[in-house]
Amino acid sequence: MIRFLLRRVIFALLTIVFATALVFALSRLAGDPLLLYAKPGGYGFTPEQEQALREKLGLDKPVILQYFVWLGLVGRGDFGKTILDEKSVLTVVTEKIPASLHLASIAWIIATAIGIPIGVLAAIKRGGSWDYVARIFALFGQALPSFWLGLLLIFLFAVDLGWLPAGTRGDKGWADWRYVILPAITLGWGASASYMRLTRSAMLEILDSEFIKLARAKGVQSRTVVWKHAFRNALIQPLTASAIILTSFLGGSIIIETIFAWPGMGRQLITAVNNNDFPLLMGFVLFYAVLYVLANFFVDLAYGVIDPRIRYE
Amino acid sequence: MAEATQAAQPSETTSQRLQGATRKKRNPVAKAWRFLIIYPVVPGIVLGLLVIAGVGADYLYPRDPIKQSLSLRALSPTYGRASEFSELPADHPQHIHRYEFFLGADPLGRDILSRIIGGARITLYVAVISLGTGLLLGASMGVIAGYFGGWWDEAITRAVDMWRSIPFILVALVVAAFWDPKTPWVVLFLLSLVAWPPFVRQVRADALLLRSRDFVLAARIAGASHTRIMVKHVLPGTFSTILVVASLSIGSLILTEAALSYLGAGIPDPFPSWGKSVSEGRGYIKDAPFIIFYPGLALFLVVMSFNFFGDWLRDKLDPRLRQLV
């Protein structure tokens, strides 16, 4: 177990370094961040000033060295300052977390509340009408482009019917619940199809197992068999997948936050990309990479905890 | 005598009843519906249209998809009906043909149907080039990992794990936003980087089983080289898996292209792309919802068809892969 943990931790660190190095190299190859400040040779911008600015931002060194300087600073807890308004990267990232978390958690609730019951029904009534509903639901869920769905929902509920606001988060955070509905449905829609499929296949497998047959043979009520014996065992897979789905919400909300003008990390990230604000960009990449790695790690561990038959060598 | 016939009769009716149970009588509508559910007829039609539109785009455009007419911004769909513009004499500068702007005009006065047809070509490029590159890369790495095992297997599997934990949409955004010159190849290349990992896993699992089969051992004894065995004996055994994985992952690949194009980091101007068309129309959602509706519908139908087709193919070829989401 210790060896397994050690290997996973080393591997996780390697992944984070690799991901950040990749984005670092790519963003440098793509363009000179100094252009965000001022064009060299522009009015009132002397070559001396340019040189001083380069040194201040550390852009005078080779790219590889720049990366290791950044890595060293991060190791000491210094994430740098944004180029645009010289705010601390850590503050900019962390102050966007609550909004993104708000959206992701509501989307998660919607996804599980729709996906899991339909999955169970589809498995119980295999080949029946619920199974068809589930199948069509899954096809739609995986094929609907989220940005299109979002715009259609805005058109229907905000523009045409005027029931819900078309964007932003409102001023009162969680209390402004009307603002979160449309973006959360858009974000949770695809995931609910994944939950449905996972629940359905897990339920089918378990309903086919020996202990269910025994319970039925003993004359246990059908409802008890389904909900107490089968459902609780079938939940393992969808629940562990939740870690991955939740992180993909946090990351995948880039598009949804753009559509609904939701003031979260995704929208900030797009701004950072458009400005080539590399310290901020690197902050986000680091954050997402850590999140992804942690989620995968958690899933691996959770499998072992929930299902003791899984052993780590 | 009477007793004997009576005894024989029930057994006959039982067998008849059994036959009747296996072949339930259905009315024609239910039959047709069942046929549509079981066989990918509708997806086949949609994908056929996609291929025709993508390949023959140059001959099918009702109007040049790049030509802008600012006076016709967000023109409502004509649906082939005569309009005030088509009634004008042919040499009039504002004259348009009846079939131009069949699905309306986008915010720059370009023909939406023509841009959908042009977008079909980009979608086909994604399917052929990005998926093809990912397929070649992923399948060959999968065969190597599965066939050699040991150190090779460990290295390749770890590389795949690492690759999958990179937030890819971020990398794509960074690269596509800054890369000069702007060509569609950048996105196609990026998508092939996302496409390869699923192939590695499944093909590796197949190759792992195949390498200890007798015919592989026989080839080895006969003195065949590792390369020859991998190409001639192992790879063909994984074809059905490759086909299934390809057809199942193509939908999400197309959606990724559309999402990147929507964010302005995908197919650059002036090339048409469905995701970009939706993005361009979002400011007009109140007065001209058709601008976002039709390109999005095309995207949705094509992705759904690929997914349906992939499901069907998997059930036919390799039900083992059901776990694959």
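Chain letters run A, B, ... following the sequence lines, proteins first, then strands; residues in each count from 1.
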Is it true that, when you exclude [X] itself, more than 12 heavy atoms of the residues, nucleotides or ligands shown sit nearer than 6.0 Å to its [atom1]?
X: B/Phe189; atom1: CZ; value: no
X: A/Trp130; atom1: CH2; value: no
X: B/Tyr125; atom1: OH; value: no

Contact origin within [X] toward chain B - heavy atom pairs under 4.5 Å:
X: A/Phe18; answer: side chain
X: A/Leu139; answer: both
X: A/Tyr132; answer: side chain
X: A/Ile16; answer: neither

What part of [X] is in contact with chain A, defined as an atom under 4.5 angstrom from a non-hydrogen atom: side chain, backbone, both or neither?
X: B/Tyr262; result: side chain
X: B/Trp274; result: neither
X: B/Phe293; result: both

If you round to the nearest 0.5 Å, how far is [atom2] of [Y] from [atom1] of [X]?
X: A/Leu151; Y: B/Ile291; atom1: CG; atom2: CD1; answer: 12.0 Å
X: A/Arg135; Y: B/Phe308; atom1: CZ; atom2: CZ; answer: 5.0 Å
X: A/Leu156; Y: B/Ile285; atom1: CG; atom2: CD1; answer: 10.0 Å

Open item on the list: Once you measure the plane-to-plane angle for A/Phe140 and B/Phe300, does it fall in the parallel (<30°), tilted (30-60°) or perpendicular (>60°) bin?
Closed with: perpendicular
Task: Options B/Leu299, B/Asp311, B/Leu297, ranked by heavy-atom pairs under 4.5 Å with chain A, top entry - done: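 Winner by heavy-atom pair count: B/Leu297.
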Open item on the list: To check you understand the geometry: which heavy-atom pair defines the closest contact between B/Gly296 and A/Pro145, and what is its length?
Closed with: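 Answer, listing the atom of B/Gly296 first, then A/Pro145: O-CG, 4.5 Å.
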TODO: Pull out the residues in residues 250-260 of chain B that come under 4.5 Å of chain A, heavy atom to heavy atom, sorted by number.
DONE: B/Leu255, B/Ala258, B/Ala259
Task: Members of residues 276-283 of chain B whose heavy atoms come closer than 4.5 Å to chain A - done: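 From residues 276-283 of chain B, the residues near chain A are B/Val278, B/Arg282.
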- [ ] Would you check if B/Ile292 and A/Phe147 make a side-chain contact, meaning some heavy-atom pair closer than 4.5 Å?
- [x]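 When only atoms from C-beta onward are counted, A/Phe147 and B/Ile292 do not touch, as no gap falls below 4.5 Å.
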Task: When A/Val293, A/Ile154, A/Ile259 are compared by non-hydrogen pairs under 4.5 Å with chain B, the top option - done: A/Ile259
